[in-house]
Student: 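Mind having a look at this structure? Questions to follow.
Predicted model, so just to flag it, every value in this text is computed and none were measured. Positions are given from 1 along the sequence. When a ligand or atom number is given, it counts from 1 through the structure's own listing order.
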Amino acid sequence: MGVTIHRVHTSTLPADDDHPYRSGAWRPQHIEYDATNLRCEGVIPDDLDGVYLRNTENPLHPNIERYHPFDGDGMIHMMSFSNGEAVYRNRFVRTRGLEIEAAAGSAQWSGLAESPLTSPRPDGWGARTRMKDASSTDVVVHGGLALTSFYQCGDLYQLDPRTLADKGRATWNGDFPACGVSAHTKVDEHAKELLFFNYETTAPYMHYGVVDADHHLVHYVPIELPGPRLPHDMAFTENFAILNDCPLFWKPDLIARGIYATTWNPDIPTRFAIVPRRGSSQDVRWFEADPTYVLHWINAFEEHDHEGHWVVLDGFFQYDPSPSVPPDADLNTRMFRFLDLYAMDSRPYRWRFNMTTGETREGPLDDRVTEFGMTNGLHQGRAYRYYYSVVPTPGCFQFDGITKNDLLTGASESYMFGPGVFGSETVMAPRPGATSEDDGYLITFVSDVPNDRSECLIFDAQSVVAGPICRLHLPERISSGTHACWSSTEQGA
Ligand SMILES: [Fe+2]
């Protein structure tokens, strides 16, 4: 393996750190590497041509009081593939917050599990204000740039998808929204558009927008909500964007006191805003459905039948969005119950909205607890057959395996990583000249805690159960984290 150290960042975390999300599979890194000639078990497919990008949380300083894993600074891991060879590198996202805290040598903003009122600095980012924009949630590739984002809304940081060189913040020629952009921007590979939303605690509470391939903001409209909400993800079809209003949200009277505790309102329906992709606020069609909270959507598409024009939306329905904890539960159990996908009972689900009649139909797609669904990116917004999701680790925010579901036959198959080995969000990389939707590869990073190493695993997407066809060893064990993406060379990576 040819490894060079690009930069070592200063960490002020304790050497004997035992925080559950700063140890084990979540042990943060502070060293940036470039690596070639990676130790390889198996063969790298010579038609795999593009980059796998993965965002992870890597705190460099202890929080003021309580650390939450979503506070950690964003670090992108990149594995590029071309002609049967792979190159790895990792880089912190050069956020403004990272620079300010590096200069101070300590945390300068309060985190998700702390009150904004206790933040050392009066400025900051995020819908709840006075947070650090860690840009650690999501990553996509659009218009030739990797864009990292933060779930509480913030800047979009631009990186070269292969070198991970810092390309500054997206400005959209001065049109970038003052309240920022939420994680889960969506790339339509056919229209070459970036669709996005943001949210804030003042009316109209949400906006939706479109950015073209040249990074120009070409559409931006308010989506009026009845109050402050916590949307995490959006979906799209060929003609519509789909925003959501789930009944798990901050209480306005508590916000006024600086308290951002979420409350579950089981008597309020979930509402869906379906808006033409270039539509105005007046064009929004609202649909109601059973109350739930949805962290991530899988896909959406349109279809027509004798009953009318349907918008079909698939995602992970939480049957218990606000899990209770025993009265004597310790602080960590209380704080991290929203990170246990089993506790929230998150399972694949389908909503069908009839644009002709206004009817909503809904019901389960699968009875297994899964999340972080991925599809062949060329089928996003369009009819599709397969999705790939993670099998969560009971009790914590880690992933034990991956599952492939066939919506046509109802069949599913899984691969489990093994004891103490935890995976990443797993992307599907279509094979050039693919002859079917699942003709391609699945790619993930794993963190093998017992052996203290990380690998990049490559699967044949047509046979997940067969296990990886290739394992590439990384220079250092990576921290578990959140989202990932695939971008082929043809798509601009
Ligand atoms: Fe997410």
Side-chain angles (χ1 to χ4, degrees), residues 21 26 53-57 68-77 93 111-112 125-128 131 133-142 146-157 180-187 194-199 206 229-236 242-244 246 248-249 262 292-300 313-318 321 336 338-341 344 346-349 369-375 377 380 387-393 396-399 402 422-427 444-445 479-486:
Y21 285 98
W26 285 84
L53 299 173
R54 160 87 162 142
N55 206 340
T56 57
E57 287 90 352
H68 186 285
F70 296 166
D71 299 335
D73 295 294
M75 174 186 280
I76 299 295
H77 299 269
V93 183
L112 179 61
W125 298 265
R128 69 198 290 275
M131 291 187 82
D133 171 6
S135 212
S136 56
T137 311
D138 196 15
V139 58
V140 300
V141 174
H142 172 69
L147 304 172
T148 63
S149 53
F150 190 50
Y151 73 102
Q152 280 272 340
C153 298
D155 285 308
L156 291 180
Y157 283 89
V181 166
S182 173
H184 295 299
T185 59
K186 296 288 175 173
V187 177
L194 183 81
L195 286 70
F196 73 91
F197 68 99
N198 57 27
Y199 58 98
M206 184 193 284
R229 296 292 185 265
L230 289 164
H232 184 75
D233 195 4
M234 65 171 289
F236 68 91
I242 307 170
L243 293 309
N244 65 88
C246 291
L248 179 82
F249 49 77
T262 55
T292 186
Y293 187 79
V294 176
L295 199 56
H296 299 118
W297 310 105
I298 300 169
N299 201 2
L313 174 65
D314 295 343
F316 296 94
F317 187 101
Q318 294 181 1
F336 302 135
F338 290 104
L339 296 175
D340 181 355
L341 293 162
M344 293 182 288
S346 163
R347 289 180 262 158
Y349 198 83
V369 172
T370 46
E371 241 285 359
F372 288 75
M374 278 276 178
T375 70
Q380 274 289 301
Y387 65 95
Y388 313 88
S389 45
V390 302
V391 180
T393 305
C396 62
F397 199 65
Q398 293 164 193
F399 310 139
I402 56 175
F422 305 101
S424 302
E425 185 169 58
T426 304
V427 299
T444 195
F445 289 136
S479 170
S480 197
T482 45
H483 290 289
C485 73
W486 167 260

Student: Could you count the protein N, O or S atoms found under 2.8 Å away from the Fe ion (ligand 1)?
Tutor: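 My tally for this metal is 4.
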
Student: Picking from F336, Y151, F338, W26, what satisfies ring-ring contact (aromatic ring centres under 6.0 Å, His included) with H68?
Tutor: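 The residue from F336, Y151, F338, W26 that satisfies ring-ring contact (aromatic ring centres under 6.0 Å, His included) with H68 turns out to be F336.
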
Student: To the nearest 0.5 angstrom, please state how far the CZ atom of F317 sits from the OH atom of Y293.
Tutor: 14.0 Å

Student: Using atom types as modelled and distance alone, determine if a side-chain donor or acceptor of S479 lies under 3.5 Å from a backbone N or O of T56.
Tutor: no

Student: What is the ring orientation for F399 with F372, classed by angle as parallel under 30°, tilted 30 to 60°, or perpendicular over 60°?
Tutor: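 If you compare the ring of F399 with that of F372, the planes turn out tilted.
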
Student: Which one of I298, I242, V294 satisfies the side-chain contact (heavy atoms from CB on, under 4.5 Å) criterion with L313?
Tutor: I242

Student: Looking at OH of Y349 and CG of D314, how far apart are the two atoms once the value is rounded to the nearest 0.5 Å?
Tutor: 11.5 Å

